[in-house]
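Below, each value reflects all heavy atoms present in this structure, side chains not excepted, and no hydrogens, waters or symmetry copies. Whatever order the structure lists them in is the order used to number ligands and atoms, beginning at 1. Please read all numbers here as calculations on a predicted model, not as lab measurements.
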Amino acid sequence: MNSYTSELVKPPQGPLRITSTHSGLPFSLVIPTYNESKNVGKLVSYLSALLDNLLPNQYELILVDDNSPDNTWEVAQQLTSNYPQLRVMRRQQERGLSSAVIRGWQVAQGEILGVIDADLQHPPETLKQMIHHVQAGADLAVASRHVHGGGVSDWSPIRRFLSRGAQVCGLLILPSVVGRVTDPMSGYFMVRRSAIAGHTLNPLGYKILLEVIGRGNVGEIAEVGYVFQEREEGESKVTWKQYVEYLGHLVRLRSQGRIARIRQKFPIGRFLRFGVVGLSGVFVDMVVLYLLSDPSTLAWGLTRSKIIAGEVAILNNFLWNDAWTFADIARSQQGMGARLKRFLKFNVVCLSGLVLNVLLLNLIFNVVFGQQYRYLANLIAIAVVTAWNFWMNLKLSWRVTQVKKSDN
Ligand SMILES: Nc1nc2c(ncn2[C@@H]2O[C@H](COP(=O)(O)OP(=O)(O)O)[C@@H](O)[C@H]2O)c(=O)[nH]1
Ligand SMILES: [Mg+2]
């Protein structure tokens with residue numbers, strides 16, 4: 001009983017995000033379990049026999065158990081003395097199939113990350129072709145019930161209808177994700193680490209494959225047919241709740257995808273910060289102008305004072321924008337030289353904004369409003385110039401360089 005070869009794996013905490021670094025091990029297969037004590041022995045022995053042949057010493061099995069009342073984790077831990085490639089994680093804080101899979105991937109060392117159910121409903125032999133496809137270049141290999149060689153063993157018409165109905169709902173709500181595979185409900189697949197590394201996954205319910213396709217950077221997808229076997233031991237944990245969660249998951253992926261696209265096109269947060277900095281510049285300009293030109297202070301000439309006040313305000317705005325509005329970009333372009341370059345570009349953009357402001361004010365006041373509404377015209381000109389300044393600075397002064405483009 002005490003001859004376990006390895007300690008239990010500690011569940012990671014924090015965001016569900018996978019890093020790009022791995023140990024060079026080709027393959028990690030995660031097995032999520034809840035009350036599967038009667039299945040794990042058989043499964044681990046099947047998987048080991050298959051993979052010892054296919055990838056000798058080049059794989060690991062990671063069983064992630066959510067503190068099952070039937071002590072699945074303990075049964076699995078006892079297997080590690082015979083199967084040193086098996087690692088067991090016992091989770092006591094978190095629960096749920098999808099997060100179990102991701103937590104398993106987070107501690108995985110492999111370049112290819114897979115998942116298989118513990119209840120032997122997913123025939124292990126299918127792994128062979130799936131691994132082959134990923135090794136041949138696919139980012140994702142999905143075991144599918146709906147391609148050649150695939151099917152379900154003994155499902156009632158109602159169960160088939162529900163399964164297909166769920167797929168049709170998915171196609172209607174999120175065609176760009178659900179439509180990419182014939183069996184989007186599959187819980188049996190493997191993905192290249194690089195396709196999901198760095199993306200925070202946030203699945204709701206059972207369908208982690210949706211999350212992988214929806215948030216990852218998945219290019220080529222391969223599908224391999226398999227027949228979904230009947231359960232011999234233990235019980236399914238699927239209830240109506242999973243159907244509701246599935247719909248919620250689809251809606252969430254859809255709206256977040258849309259928001260991300262809008263954000264990419266219109267960086268609203270950045271623009272607001274730019275506006276706040278602009279207002280601070282007005283204040284600085286006023287104060288400096290007062291200190292230099294007011295009869296009660298230095299009483300310098302107005303033009304000279306205004307040029308200096310304007311430049312001090314530009315400096316103020318630059319410093320804030322560099323440290324706040326565009327901080328992320330500035331951080332990736334460090335060094336005095338790069339900073340000076342940004343400052344000079346910022347000056348040029350501000351100058352172009354000033355010229356544009358004067359031109360627009362004249363155009364709107366004289367031509368559009370027929371020499372009326374002077375201040376409204378100025379307000380419109382200022383609004384347009386603020387947007388102009390923002391875009392020009394985004395594209396020129398704080399231009400993002402050397403960033404890998406995602407192709408979705
Ligand atoms: N860790 C973990 N595994 C789970 C959980 N719910 C289900 N599983 C496992 O996920 C796999 C699929 O679950 P199952 O209930 O068989 O789903 P079904 O095949 O769609 O009926 C099995 O290996 C379960 O033991 C959970 O909350 N936590
Ligand atoms: Mg099952």
Side-chain angles (χ1 to χ4, degrees), residues 8-12 16 29-44 46-47 61-77 79 86-108 114-124 126-127 142-146 150-156 158-160 162-167 170 183-190 201 203-211 226-246 249:
L8 283 169
V9 179
K10 227 175 126 214
L16 296 166
L29 183 61
V30 167
I31 310 163
T33 60
Y34 195 75
N35 284 345
E36 304 286 3
S37 63
K38 292 199 180 124
N39 287 317
V40 289
K42 206 163 161 187
L43 178 76
V44 168
Y46 280 178
L47 286 174
L61 303 175
I62 302 172
L63 186 140
V64 183
D65 185 66
D66 287 355
N67 208 21
S68 300
D70 77 350
N71 288 349
T72 308
W73 58 273
E74 200 177 8
V75 176
Q77 185 63 4
L79 294 171
L86 173 66
R87 299 161 68 199
V88 179
M89 184 191 295
R90 176 192 184 191
R91 299 199 308 165
Q92 291 174 281
Q93 319 287 348
E94 272 178 317
R95 261 221 65 182
L97 171 55
S98 291
S99 70
V101 176
I102 300 169
R103 291 300 184 204
W105 286 345
Q106 280 183 306
V107 302
V115 54
I116 187 170
D117 283 1
D119 51 16
L120 298 157
Q121 295 190 284
H122 294 157
T126 314
L127 287 174
V142 182
S144 167
R145 292 165 289 186
H146 307 308
V152 289
S153 37
D154 205 12
W155 282 20
S156 68
I158 291 188
R159 198 162 166 206
R160 282 170 202 261
L162 281 177
S163 176
R164 282 299 193 178
Q167 187 170 356
D183 193 356
M185 316 290 157
S186 179
Y188 190 15
F189 63 90
M190 60 184 70
L201 303 174
L204 181 69
Y206 254 44
K207 302 302 171 194
I208 186 178
L209 179 58
L210 293 179
E211 193 71 12
Y226 83 102
V227 178
F228 194 78
Q229 305 296 312
E230 284 308 297
R231 233 183 209 278
E232 289 177 6
E233 299 286 352
E235 282 170 14
S236 170
K237 285 95 211 167
V238 174
T239 61
W240 275 101
K241 197 172 152 228
Q242 270 76 41
Y243 285 93
V244 176
E245 281 180 341
Y246 164 69
H249 192 188

Should Gly187 be listed as contacting ligand 1, given a heavy-atom distance under 4.0 Å as the test?
->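 For ligand 1, residue contact (heavy atoms, under 4.0 Å) with Gly187 is absent.
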Taking non-hydrogen atoms only, is [X] closer than 4.0 angstrom to ligand 1 via side chain, backbone, both or neither?
X: Ser236; result: both
X: Ile31; result: neither
X: Glu36; result: side chain

For [atom], grab the closest protein heavy atom and report residue, atom and distance to one decimal in Å.
atom: atom 5 (C) of ligand 1; answer: Tyr34 CB, 3.8 Å
atom: atom 13 (O) of ligand 1; answer: Tyr206 OH, 3.6 Å
atom: atom 20 (O) of ligand 1; answer: Val238 CG2, 3.4 Å
atom: atom 2 (C) of ligand 1; answer: Thr33 O, 3.2 Å
atom: atom 9 (C) of ligand 1; answer: Pro32 O, 3.5 Å
atom: atom 10 (O) of ligand 1; answer: Leu97 CD1, 3.3 Å
atom: atom 12 (C) of ligand 1; answer: Asp117 OD2, 3.2 Å
atom: atom 15 (O) of ligand 1; answer: Lys237 N, 2.6 Å

For [X], counting its heavy atoms only, list the atoms of ligand 1 lying under 4.0 Å from any of them.
X: Val64; value: 1 (N)
X: Arg95; value: 26 (C), 27 (O)
X: Phe228; value: 19 (O)
X: Ala100; value: 1 (N)
X: Asp66; value: 1 (N), 2 (C), 26 (C), 27 (O), 28 (N)
X: Asp119; value: 16 (O), 19 (O)

Using side-chain contact (heavy atoms from CB on, under 4.5 Å) as the criterion, point out the one residue from Leu120, Val44, Thr33 that pairs with Asn39.
->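 Option passing the side-chain contact (heavy atoms from CB on, under 4.5 Å) with Asn39: Leu120.
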Would you mind telling me which of Arg103, Arg90, Met89 makes a side-chain contact (heavy atoms from CB on, under 4.5 Å) with Val9?
->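 Among the candidates, only Met89 passes.
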Report yes if the side chains of [X] and [Y] come closer than 4.5 Å at any heavy-atom pair, otherwise no.
X: Lys237; Y: Thr239; value: no
X: Ile208; Y: Ile102; value: yes
X: Leu97; Y: Pro203; value: no
X: Val107; Y: Ile62; value: yes

Using the ring of Tyr34 (Phe, Tyr or Trp, six-membered ring only), decide whether Arg95 places NZ or CZ under 6.0 Å from its centre and within 45 degrees of its axis.
->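 Here Arg95 passes the 6.0 Å and 45° test against Tyr34.
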Could you tell me whether the Mg ion (ligand 2) has an N, O or S atom of Gln121 under 2.8 Å away?
->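 An N, O or S atom of Gln121 is closer than 2.8 Å to the Mg ion (ligand 2), so yes.
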Of all the atoms in Asp117, is at least one N, O or S atom closer to the Mg ion (ligand 2) than 2.8 Å?
->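 Short answer: no, not a single N, O or S atom is under the cut-off.
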Classify the ring geometry between His122 and Phe228 as parallel (under 30°), tilted (30 to 60°) or perpendicular (over 60°).
->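 If you compare the ring of His122 with that of Phe228, the planes turn out perpendicular.
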Give me the ring orientation class for Trp240 and Tyr243: parallel if the planes are under 30° apart, tilted from 30 to 60°, perpendicular past 60°.
->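 The arrangement is tilted - the two ring planes meet at 30° to 60°.
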Side chain Asp66, main chain Gly96, donor-acceptor under 3.5 Å |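 Yes, because the side chain of Asp66 sits within donor-acceptor range (under 3.5 Å) of the backbone of Gly96.
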Asn67 (side chain) donor-acceptor with Gln92 (main chain) under 3.5 angstrom =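 The answer is no, because no donor-acceptor pair under 3.5 Å joins these two groups.
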CD of Glu230: more than 12 outside heavy atoms within 6.0 angstrom?
->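 Counting neighbours around CD of Glu230, more than 12 heavy atoms of other residues, nucleotides or ligands fall under 6.0 Å, so yes.
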Asp65 N/O under 3.5 Å from ligand 1 N/O =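 Such a contact does not occur with ligand 1.
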Side chain to side chain contact (heavy atoms under 4.5 Å, CB included) between Met190 and Leu127: does it pass, once the steps are laid out?
-> CA-CA 9 Å; Met190 60 184 70; Leu127 287 174; 3.7 Å; yes
Is any NZ, NE, NH1 or NH2 atom of the basic residue among Arg231 and Glu235 found under 4.0 Å from an Asp or Glu carboxylate oxygen of the other?
->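 Salt bridge flag = no for Glu235 with Arg231.
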Nearest to atom 14 (P) of ligand 1 by heavy atom, Gln242, Gln121, Arg231: which?
->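 Considering heavy atoms of Gln242, Gln121, Arg231, the nearest to atom 14 (P) of ligand 1 sits in Arg231.
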Would you name the N/O/S atom of Asp119 that lies closest to the Mg ion (ligand 2)?
->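 Atom name of the closest N, O or S in Asp119: OD2.
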